[in-house]
Amino acid sequence: MGEVQTVEVAVDVPLHGTFTYLAREALIPGQRVLVPFGRRKVCGIVANAIPREGVEADRLKEIEASLAGVPPLPPEFFSMVEFAARYYHYPFGQALFTALPTSLREARDVVLPDETLYALTDRGVSEPPPARQTARRALWQALCDGPMTIARIKSAMPRAGAVVADWLDRGLLKRETPPSVPFEVATVPVLNDEQAAALAALSSGEGFRAWVLQGITGSGKTEVYLRRIEAELAAGRQVLILVPEINLTPQLVSRFAERFPRTRMALLHSELSDGERLRAWVDAWQGRAGIVIGTRMSVFVPLPKLGLIIVDEEHDGSFKQQDGLRYHARDLAVWRARRDKVPVVLGSATPSLETVANIRAGRYERVSLTRRAHGKASLPVIHLLDVRHLKRVEGLAEPAIDALRRRIERREMSLVYINRRGFAPVVACTECGWISGCPGCSARLVVHLLERVLRCHHCGHEEPVPRACPSCGNIDIKPLGEGTQRLESALERMFPEARVLRIDRDTTARKHAWDAIYRQVHAGEVDILVGTQMLAKGHDFGALSLVVVLNADGGLYSADYRAGERLFSQLVQVAGRAGRADVPGEVLVQTQWAEHPLYQALRANDFDGFTETQLAEREAAGFPPSTFQAVLRADAPRLGDACRFLESVSADVAGRHPAVLFSGPAPALMMRLANRERAQLILEAQRRAELHACLDELSACAADLARRAPRALRWSLDIDPQEL
DNA sequence: AGCACGCCGACT
DNA sequence: GTCGGCGTGCTC
């Protein structure tokens with residue numbers, strides 16, 4: 001008789017560990033199963049875990065069924081999820097389910113389209129069905145042109161099932177598995193010397209290497225990727241390309257499709273339906289797709305023949321998941337590349353400071369592209385407009401107005417970029433440049449106008465808003481970054497003849513909004529584009545001859561220590577929009593702090609100089625990448641409950657971990673959100689290991705205390721947080 | 001997380 | 001008298 005065995009099963013619940021079940025038949029790790037759980041039936045994944053002791057056999061329930069549709073998930077998938085669950089201190093079961101496409105999380109069988117190809121045998125070709133059997137004859141004709149899937153056969157001849165079975169029986173038809181990674185390259189443009197050198201570098205060595213491809217805007221990074229990808233495809237391997245959400249555009253996809261016309265691509269992004277996503281996921285997993293392009297979630301997709309990982313725009317914040325399993329796809333990509341002994345390429349014009357620190361530490365190797373790839377195209381000229389000494393109309397400095405007017409006369413397109421980021425207003429003196437800093441730590445104080453206080457979101461310090469500048473007595477002190485509200489309408493009043501197109505969350509919310517915007521822009525129907533952050537991402541607006549940047553200073557002295565880094569990268573991006581082959585573009589940045597090192601570095605096109613000062617500042621202040629951080633966040637209907645919870649967690653754990661600095665609890669920057677109030681506790685350590693040892697204890701303690709706290713309290717732990 | 005059990009307020 | 005609020009406890 002079949003012996004009853006026990007099996008460990010992972011389930012999508014916020015509890016640590018796996019659950020033990022009885023199984024009547026042998027089950028393979030990675031298999032999806034239907035299990036009774038509490039009073040419901042859920043999907044579980046058979047885990048290759050050590051059977052747990054001390055669970056009485058009579059309390060065990062039985063696996064109800066195995067769920068059909070896909071093969072068992074491979075061990076490499078598990079090992080990556082295990083790592084992510086451990087590193088991000090998140091329950092294994094939930095981590096496993098976040099790494100899966102929705103269809104595989106549900107307690108249902110899945111049905112995938114049948115990929116088997118049917119082809120005529122030699123005999124089949126030489127024995128056509130009689131002409132009077134028109135349907136069979138038409139199917140035969142279609143099959144003569146090449147193999148077909150069952151779905152395509154049925155669309156040609158709805159009741160073909162019996163015919164196919166009959167032809168298979170009589171040896172007229174055979175099943176074929178598709179050639180795994182068919183490969184062919186379309187015409188390839190010539191690389192310039194620098195690109196060729198970069199490609200040679202990225203192709204050198206064997207096994208794991210972490211490369212940073214740092215190329216200025218327009219330097220042709222994508223072409224280098226394409227060449228590098230070509231080599232992998234030619235060797236029959238798969239390539240994983242991670243891109244920010246916004247960059248996964250039809251233009252990017254068609255560029256790949258045109259270059260490798262016979263290679264199957266799997267695209268993974270948030271717009272897909274569950275069915276489409278499952279299909280792409282399985283194509284990648286089964287090795288059918290040679291190229292896998294996707295957003296952060298694709299870092300988990302099993303890839304049996306992985307040869308290379310590319311993370312494009314690696315500095316982009318969208319690689320960090322902001323809820324649930326708060327993973328960073330770039331960091332997991334590097335981990336995965338090391339494990340799979342394949343190279344990883346991190347591409348960016350402005351690599352993140354974390355990446356720069358890794359280059360300096362010798363963990364990553366940098367390859368640079370310093371020239372624009374095409375013709376005589378040159379970098380834009382950047383001017384700083386010191387608004388303290390210039391006359392302004394509605395927030396626009398006169399030289400900027402003149403420059404816009406000239407472009408309108410010449411029928412050239414301009415972009416007015418308004419930086420609304422750094423929404424947390426820091427108070428500054430317009431005379432001496434004094435900034436509201438925290439006396440207790442190196443963070444900056446944020447104005448809360450309603451409560452009339454300055455507050456530190458790092459340590460919780462509070463003080464009243466001063467009436468005059470504490471440094472020079474000037475009474476004209478105000479929050480940085482005020483006065484952009486009226487700008488858009490002001491532009492229209494100033495240039496009534498110009499066609500102004502505003503691009504922001506409101507105007508792009510509708511589904512095909514971008515298509516319409518692109519059409520107008522490329523048809524030359526726009527004189528001035530006005531927009532926010534969105535414009536700094538990889539949209540192609542063709543050539544602009546002028547970019548005016550307003551309100552950038554908010555990012556200079558922000559409560560968020562990453563604001564400077566983000567500002568620099570955004571300015572480099574928007575500046576990169578300016579300029580064409582014949583005329584260099586012009587960029588005007590309006591600022592009160594023209595002498596600030598960030599702007600000086602921007603003007604001199606000096607990324608290394610910029611990172612130098614940033615790294616020094618971060619080191620002095622004890623912020624990443626020179627330290628390692630985690631944030632414990634809590635929210636509740638009342639701030640007090642959230643703070644009390646964080647306070648008791650801190651009191652419980654802090655004493656035993658002197659190497660970890662606890663700051664707070666402090667109210668979070670966006671204190672109120674959807675009628676809930678939020679607070680945070682920040683942890684910092686010099687070494688990652690120290691932080692993680694502390695976090696092991698802290699997460700257990702938080703889970704325990706949360707059970708006794710008011711039920712409405714929610715908490716989360718964010719490792720390597722992106723924003724505080 | 002989800003789901004049930006359980007014990008107190010305004011409704012047919 | 002019951003329908004339903006959400007506090008508490010558990011899930012192999």
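Every value quoted in this text rests on a predicted model; they were computed, and no experiment measured them. Note on naming: letters A, B, ... go to the chains in the order of the sequence lines (proteins, then strands), and numbering restarts at 1 for each one.
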Rounded to whole angstroms, how far apart are [atom1] on [X] and [atom2] on [N]?
X	N	atom1	atom2	value
A:D704	C:dT8	CG	P	15 Å
A:H16	C:dC12	NE2	P	18 Å
A:R708	C:dG9	CZ	P	10 Å
A:L713	C:dG7	CG	C1'	14 Å
A:L15	C:dC10	CG	P	12 Å
A:R59	C:dC12	CZ	P	8 Å
A:F37	C:dT11	CZ	P	9 Å

Regarding [X] and [Y], does a basic nitrogen lie under 4.0 Å from an acidic carboxylate oxygen?
X	Y	answer
A:E62	A:R24	yes
A:D560	A:R566	yes
A:D718	A:K320	yes
A:R644	A:D641	yes

Q) Partners of A:S79 by side chain to side chain contact (heavy atoms under 4.5 Å, CB included), sequence neighbours excluded? A) A:W335, A:R339
(Q) Taking 4.0 Å as the cut-off, does a side-chain nitrogen or oxygen of A:R707 come that near to OP1 or OP2 on C:dC10? (A) no
Q | Closest-nucleotide 5' rank along DNA chain B - winner of A:R39 and A:D12 | A | A:D12
Q: Scan side-chain atoms only and decide if A:T627 and A:R687 contain a donor-acceptor pair under the 3.5 Å cut-off.
A: no
(Q) Students should find this one: the first and last nucleotides of DNA chain B, 5' to 3', lying under 4.0 Å from a heavy atom of chain A. What are they? (A) B:dA1 to B:dA4
